[in-house]
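In what follows, a single structure is set out as C-alpha cells and then discussed.
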Amino acid sequence: MSTRTQALGPGPPHAGGMLWSDPENEPPKELRDTQDMLRRLGVLMALAMFLAMLVIGVR
C-alpha cells in the first residue's frame, strides 16, 4: 500500500501577516542605541585600519 501526500492549497486570506493587536516589531531604545554605537565604532575601526595601512605603506 502506498501513501501519497499533496500540498495544501492556499490558506485563508489575511491582512499582511500581523494582527492589529500584535506589538510593534521594533527593538527597545537601549538596543537601538547600542546598535548605533556599534555601527559608529565599526566605521571608526575601518578608518583607523585604513590609516594604519597607509602609514605602514609609506614607511
- Item | Listed partners of I56 passing side-chain contact (heavy atoms from CB on, under 4.5 Å), at least two apart | none
- Item | Worked verdict on D33 versus K29 for side chain to side chain contact (heavy atoms under 4.5 Å, CB included) | CA-CA 6 Å; D33 291 343; K29 183 176 180 351; 3.0 Å; yes
- Determine which pairs satisfy salt bridge (charged side-chain N to carboxylate O under 4.0 Å, His left out) with at least one residue from residues 47-57, sequence neighbours left out, and list them in order. none
- Linking directly or through intermediates, with side-chain heavy atoms under 4.5 Å: list the remaining ILVMFWY members grouped with M49, chain and number order. M53
- Message: Filter on side-chain hydrogen bond (donor to acceptor under 3.5 Å, both in side chains), then keep only pairs touching residues 43-52, sequence neighbours left out; what's left?
- Response: none
- Message: Holding to side chain to side chain donor-acceptor pair (under 3.5 Å), I want the full list of residues that pass it with E30, two or more places apart in sequence or in another chain.
- Response: none
- Item | salt bridge (charged side-chain N to carboxylate O under 4.0 Å, His left out) partners for R40, two or more places apart | none
- Task: State the CG-CG distance between D36 and L31, to the nearest 0.5 angstrom.
- Result: 9.5 Å
- Query: What is the distance from atom CG of L38 to atom CG of L44, rounded to the nearest 0.5 Å?
  - Reply: 12.0 Å
